[in-house]
Amino acid sequence: MSNMINMIEVTDFNAPQLDVYARLTEGQLLNRHEPQNGMFIAESPKVIERALDAGCVPVSILMEKKHAEGQGREIIRRCGSIPVYTAASDVLTQLTGFKLTRGMLCAMRRPAPRTVSEVCAGARRIAVLENVMNPTNVGAIFRSAAALGMDGILLTPAGSDPLYRRSIRVSMGTVFQIPWAFLDEDNGIRALRGMGFTTVAMALKEDSLNVDDPQLMREEKLAVVLGTEGDGLAPDTISDCEYTVRIPMSHGVDSLNVAAASAVAFWQLGRRGHR
């Protein structure tokens, strides 16, 4: 290994340098008062690689010692001289409170936020998440969006942050591959319509179109709007959208989890962008 590598064996669980991994809450990492100093945690080599590929700046690494010459070697090389804290697997589990996915965490600076205009520029298919609160759902929706033809994602500020550790992990790092921004809740849907998007509310209403309706497939630019777990979309949001769309159900099932519904909707409505 290069002499630049700064390997540090973990001996003191209370070392302040380890706070970012062991003691800071997601809110503290986000640092709403000084967002330019906010950080996030990327977990597993694949996710860390995707964050690095997207230009995210690493601060330190926490990893199982055995991976330093294995799956983590290239990542360590890419990260230069930042501190690389190492320990055995059981020590890391005791420190962080959970078993590390593939034995590696990386603390990184939050990237500068994008604007809605930046995300929508040139986009033909956008997903909009209204108050989706569960980080697992947010991560799953990002993974589906990246795989199934969405060009970007917009989120209301009250929902879960895409850079929460669990969201990043569940997304498999696609939060770094698909552009996203926070939407102005007061006029968000109207703003999208002003940019030329046809807005589609995914909601359970009797007069809803089926998700495979030919009308939808003919639309050049679509914004697919998904609501919070349980309650779904706010009535005002539905009324602001040009279409209300539902996924046909069978066996008496009335709805899907928002992440599952997103995958179905993106598969059907995102195909226009691939033709």
Side-chain angles (χ1 to χ4, degrees), residues 19-44 46-48 50-60 62 96-98 101 105-120 126-146 150-186 188 192 223-234 237 257-259 261-262 266:
D19 285 351
V20 65
Y21 300 106
R23 287 172 284 278
L24 296 188
T25 65
E26 295 282 15
Q28 289 170 319
L29 288 171
L30 179 58
N31 198 357
R32 293 183 190 276
H33 298 298
E34 295 180 312
Q36 71 277 11
N37 295 324
M39 299 207 303
F40 66 89
I41 304 294
E43 184 179 350
S44 86
K46 173 62 74 177
V47 171
I48 296 168
R50 286 181 169 168
L52 291 171
D53 290 345
C56 296
V57 178
V59 175
S60 67
L62 178 66
T96 61
F98 63 96
T101 303
L105 299 175
C106 185
M108 293 181 156
R109 298 284 177 203
R110 285 183 70 95
R114 288 184 173 94
T115 66
V116 171
S117 297
E118 288 171 339
V119 171
C120 291
I126 292 289
V128 181
L129 310 187
E130 181 181 82
N131 300 346
V132 177
M133 307 302 293
N134 187 312
T136 298
N137 284 335
V138 170
I141 291 168
F142 265 84
R143 189 172 182 182
S144 293
M150 296 292 109
D151 299 312
I153 296 180
L154 303 175
L155 309 97
T156 56
S160 180
D161 192 283
L163 294 187
Y164 282 172
R165 183 185 297 181
R166 186 161 184 81
S167 294
I168 296 171
R169 182 168 73 247
V170 172
S171 83
M172 286 301 295
T174 53
V175 292
F176 307 115
Q177 295 179 307
I178 186 167
W180 57 272
F182 287 111
L183 192 64
D184 181 345
E185 288 182 276
D186 294 331
L192 288 174
V224 182
V225 189
L226 297 135
T228 187
E229 300 88 349
D231 294 334
L233 290 170
T237 301
N257 163 276
V258 65
S262 76
F266 299 163

Next on the checklist: Walk me through whether Leu29 and Arg110 qualify under side-chain contact (heavy atoms from CB on, under 4.5 Å).
Outcome noted: CA-CA 9 Å; Leu29 288 171; Arg110 285 183 70 95; over 6 Å; no

Next on the checklist: Measuring only between side-chain heavy atoms, which start at C-beta, is Met133 closer than 4.5 Å to Thr228?
Outcome noted: yes

Checklist outcome for this item: Sorted by chain and residue number, the salt bridge (charged side-chain N to carboxylate O under 4.0 Å, His left out) partners of Arg166 (sequence neighbours excluded) come out as none

Checklist entry - How many angstroms lie between CD1 in Ile48 and CD1 in Ile41, if you round to the nearest 0.5 Å? => result 9.5 Å

Checklist entry - Do you know the tightest heavy-atom contact between Pro135 and Ser167? => result O-OG, 2.9 Å

Checklist entry - Is there side-chain contact between Glu43 and Thr96, with heavy atoms separated by less than 4.5 Å? => result no

Item to check | Heavy-atom pair of closest approach, residues Val258 and Gly227 | outcome: CG2-O, 3.5 Å

Next on the checklist: Please evaluate residues Asp161 and Phe182 with respect to the criterion side-chain contact (heavy atoms from CB on, under 4.5 Å), reporting the C-alpha separation (whole Å), side-chain torsions for both, the decisive distance (0.1 Å), and the verdict.
Outcome noted: CA-CA 9 Å; Asp161 192 283; Phe182 287 111; 3.7 Å; yes

Checklist outcome for this item: So CG of Leu30 and CG of Leu24: to nearest 0.5 Å the spacing works out to 12.0 Å

Checklist entry - Any idea which heavy atoms bring Ala181 and Val119 closest together, and the distance? => result CB-CG2, 3.7 Å

Checklist entry - Which of these, Tyr164, Phe176, Tyr21, sits in a ring pair (Phe, Tyr, Trp, His ring centres under 6.0 Å) with Phe40? => result Phe176

Checklist outcome for this item: Closest non-hydrogen contact found for Val47 with Ala42 is CG1-CB, 4.0 Å

Checklist entry - Just one of Asn137, Asn134, Asn257 clears the side-chain hydrogen bond (donor to acceptor under 3.5 Å, both in side chains) bar with Glu229, so which one? => result Asn137

Checklist outcome for this item: Value for OG (Ser262) from CG (Leu129), rounded to nearest 0.5 Å, stands at 8.0 Å

Checklist entry - Between CD1 of Ile153 and CZ of Phe142, what distance do you get to the nearest 0.5 Å? => result 4.0 Å

Next on the checklist: Consider side chain to side chain contact (heavy atoms under 4.5 Å, CB included). Of Leu155, Leu154, Thr156, Leu226, which one does Glu130 pass it with?
Outcome noted: Thr156

Checklist entry - So, for Asn131 and Ala158, which heavy atoms are closest and what is the spacing to 0.1 Å? => result OD1-CB, 3.4 Å

Checklist entry - Considering residues at least two apart in sequence or located in another chain, which fulfil the side-chain contact (heavy atoms from CB on, under 4.5 Å) criterion with Arg109? => result Met39, Val57, Val59

Checklist entry - Just by distance, do the side chain of Glu34 and the backbone of Asn31 share a donor-acceptor pair under 3.5 Å? => result no

Item to check | Closest non-hydrogen atom pair, Val138 against Pro162 | outcome: CG1-CA, 4.1 Å

Checklist entry - Atom OG of Ser171 and atom CZ of Arg143: how far apart are they, to the nearest 0.5 Å? => result 8.5 Å

Checklist entry - Are any of the side-chain heavy atoms of Cys120 and Leu192 separated by less than 4.5 Å? => result yes

Checklist outcome for this item: CZ (Arg50) and CD1 (Ile168) are apart, to the nearest 0.5 Å, by 13.0 Å

